There are 2 protein chains.
Amino acid sequence: MNSLNAIRLFTASVDAGSFSEVGRRLGMAPSSVSRQVAALEDSVGAQLIHRTTRKLSLTEAGRLYFERVSRILAALDEATAAVSHLEESPRGVLHVNGPTAFGVRHVAPALPDFLARYPEVRIELTLTDNFVDLLEVGADVAVRVGELEDSSLIARRLAPNRRVLCASPGYLAKAGAPERPQDLADHNCLVYTRHHGNVNWNLGGPDGLAEVRVGGNLRTNNTEAVHAAALGGLGIALLPSWLVGQEVQSGRLAEVLPGYRAAPGALDTGIHALYPADRHLSTKVRAFVDFMVERFGPRPYWEDPPQDGADASPMG
Amino acid sequence: MNSLNAIRLFTASVDAGSFSEVGRRLGMAPSSVSRQVAALEDSVGAQLIHRTTRKLSLTEAGRLYFERVSRILAALDEATAAVSHLEESPRGVLHVNGPTAFGVRHVAPALPDFLARYPEVRIELTLTDNFVDLLEVGADVAVRVGELEDSSLIARRLAPNRRVLCASPGYLAKAGAPERPQDLADHNCLVYTRHHGNVNWNLGGPDGLAEVRVGGNLRTNNTEAVHAAALGGLGIALLPSWLVGQEVQSGRLAEVLPGYRAAPGALDTGIHALYPADRHLSTKVRAFVDFMVERFGPRPYWEDPPQDGADASPMG
DNA sequence: ATGATATTTGCAAATAAAGCAAAGATGAGC
DNA sequence: GCTCATCTTTGCTTTATTTGCAAATATCAT
């Protein structure tokens, strides 16, 4: 196998006109240059350079090889430079994958700022609700809400994933506001569930953990449907803060049992960015993840303003 | 320095879709493939391939690199093949250098046959009478008559370089034919010399070596002038057999003192082909030299037909 | 002729690459 | 859900390649 180094030394020798000169320029022994070129000649099976102790001159084969190989080396350096250039600063196409609801509400709105900061990046955003293999779909980074499947991917936490009990002010005015978890049993609770069977909400508060069997006239496997029903005044819902936080802040929804918190389950492990555990993390992915971490901060904009103990889980 | 091998393994991995498969195809350990590709990634500073244990997938940088580098590798192989092709059989331009007189009489007439046998060769024939540096003038092979300068070139003997005494039949009819070397002193001898001063001809015969001081009404540093004068009947000349052999055979000139031979001097070491002592002798040069050796044979066509002792130097 | 500098080669040291084995990861099939 | 086969990677050792130095030889300028 003829080595790239030998070819580089060959062209350098042609340029310099002397193996010793090449050695001097490249800081290596002239004998090494001589041997590499000789090895190259052996590998192509032809004399490339006529040598005397005073000067080198190309053979016909050498001239032919030099002309072609010079351009090839330049092209190779260019290709390497192009790839290195890609990593100098965030640039190129960034494939982002995420769940539809969160993506629409919190990823897409962030993109204009991100693209303004990194004008050489182009984003391809794929929103899917079934978990997909990052590499399969060709994504560089994925945003995942809750339940991190075991994988070799690196997960960077972007935000907590708190769930809040809430209902529309209209519903509460009509049905009254529960005062203790047990009161939920007498309310129309809008249940998000993926399976049949009973549903319990686990609520932690000053008096410990309370588990309440809840139900009502709407069960659905779609969070957005629960959300819409709650906004419509149908009943009390347990929904992620990223979905209802801003509506609670604006008063379109009111928090129920504000002194209690839903016990963190598998769905509550947080909101993460996932990306391959490569040795060379691309700058565009790093930039994106850093940007999202910075944008959401320790307390995302959809959460209440800080209050005592609001961030610590009452469940310990 | 990123090695060519690593790049080849990278593209092979992309093609095969697996480091192990590459290892199987190329008969090497998968760990080696993995390490080479990883080293390549380090050298270009970017992840090229996302890996899981089950499949490989290209990063954007990898796709970019693969596309460019595939073409480059193909071009490199092509360049190598082109050079190797040059050496498969005699082909390309062959620069031949030689002295004018001999070249015109015995090299140029040989070329049609040579080119007919090797139709892919093109010849550039440079005839010069001053000795030139082969490499300086870009010649692949030189034909030299006599006096081999000390050099690193390889000399292959093509033919002997005998000198013969001759004169036109007309001159001999008029002035008589000498019978012993001493008789030459009374003849008009046509002297080829490069310097001023006396000229002696050394002749060996049955009665040993005889040195005769010769002279006449023509001294010149040009062999062809001597030749022309001899043909014109001016006198007796000492000329190389390659120049007058065929004329002696045809009777246009007659050999003088045929029992004697000119003592070999520096000019008589023979006729040689010279070419660089490269480790890889190009096939076109080898073909040319072989062709000329074969064409001239042990007894060139310009020499007399074999006769007893005619080929052995009487000088021992 | 002599000196400075060139290529090349032998030899020993340094560097790089290879294989092997083991560990961790992943998907297929039962 | 579990086991198995296969994949990538890493540590370690062995092997192969490359390097530099010194010496031999060659060439040109002075």
Side-chain angles (χ1 to χ4, degrees), chain A residues 1-10 12-14 16-43 47-58 131-136 149-154 276-280, chain B residues 1-10 12-14 16-43 47-58 131-136 149-154 276-280:
Chain A
M1 188 57 61
N2 58 18
S3 94
L4 195 55
N5 208 26
I7 302 179
R8 289 196 193 280
L9 290 178
F10 165 67
S13 299
V14 174
S18 149
F19 293 162
S20 295
E21 179 59 25
V22 171
R24 248 173 269 125
R25 291 183 189 172
L26 274 60
M28 57 190 298
S31 56
S32 301
V33 182
S34 167
R35 253 186 293 237
Q36 288 282 345
V37 173
L40 177 63
E41 291 175 324
D42 288 347
S43 99
Q47 194 82 12
L48 299 176
I49 298 182
H50 289 305
R51 305 139 166 85
T52 66
T53 54
R54 296 320 266 190
K55 77 182 57 160
L56 306 179
S57 74
L58 282 173
F131 279 15
V132 296
D133 181 357
L134 240 69
L135 305 183
E136 193 78 39
E149 50 195 357
D150 184 35
S151 82
S152 62
L153 300 175
I154 290 180
D278 294 333
R279 276 172 318 114
H280 296 274
Chain B
M1 186 58 61
N2 60 18
S3 92
L4 197 53
N5 208 26
I7 301 179
R8 289 196 193 280
L9 289 178
F10 164 67
S13 299
V14 174
S18 149
F19 292 163
S20 294
E21 179 59 25
V22 171
R24 247 173 271 122
R25 290 182 190 174
L26 276 60
M28 56 189 298
S31 56
S32 300
V33 182
S34 168
R35 252 187 291 242
Q36 288 284 338
V37 174
L40 177 62
E41 291 175 323
D42 288 349
S43 99
Q47 193 81 13
L48 298 175
I49 298 182
H50 289 305
R51 304 139 165 87
T52 67
T53 55
R54 297 321 265 193
K55 78 183 56 162
L56 306 179
S57 73
L58 282 173
F131 280 14
V132 295
D133 182 354
L134 240 69
L135 305 184
E136 193 77 40
E149 50 194 357
D150 184 35
S151 82
S152 60
L153 300 175
I154 290 180
D278 292 334
R279 276 171 319 115
H280 297 273

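All of these numbers come straight from a predicted model, not from anything done at the bench. Here is the naming used below: chain letters follow the sequence lines, and residue numbers restart at 1 for every chain.
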Next on the checklist: Does a side-chain N or O of S20(A) approach OP1 or OP2 of dT7(C) to a distance below 4.0 Å, or not?
Outcome noted: yes
Checklist entry - So what does T52(B) hit on the nucleic acid, given a heavy-atom distance under 4.0 Å: a base, only sugar-phosphate, or nothing? => result sugar-phosphate
Checklist entry - Atom CG of N5(B) and atom C1' of dA17(C): how far apart are they, to the nearest Å? => result 10 Å
Checklist entry - So does R24(B) get a side-chain nitrogen or oxygen closer than 4.0 Å to the phosphate oxygens (OP1/OP2) of dT6(D)? => result no
Next on the checklist: Does dT8(C) have its OP1 or OP2 closer than 4.0 Å to a side-chain nitrogen or oxygen of S34(A)?
Outcome noted: yes
Checklist outcome for this item: Note: A6(B) and L40(B) closest approach over all heavy atoms is O-CD2, 4.0 Å
Next on the checklist: Can you tell whether the side chains of E21(A) and K55(A) come within less than 4.0 Å, N to carboxylate O?
Outcome noted: no
Item to check | Presence of R35(A) side-chain N/O under 4.0 Å of dT8(C) phosphate oxygens OP1/OP2 | outcome: no
Item to check | Salt-bridge present (D278(B), R51(A); N to O < 4.0 Å) | outcome: no
Checklist entry - To the nearest angstrom, how far is Q36(A) atom CD from dT9(C) atom P? => result 14 Å
Checklist entry - Below 4.0 angstrom from OP1 or OP2 of dT7(C), is there any side-chain N or O of S18(A)? => result yes
Checklist entry - So does R54(A) reach the base of dT5(C) with its side chain, donor to acceptor, closer than 3.5 Å? => result yes
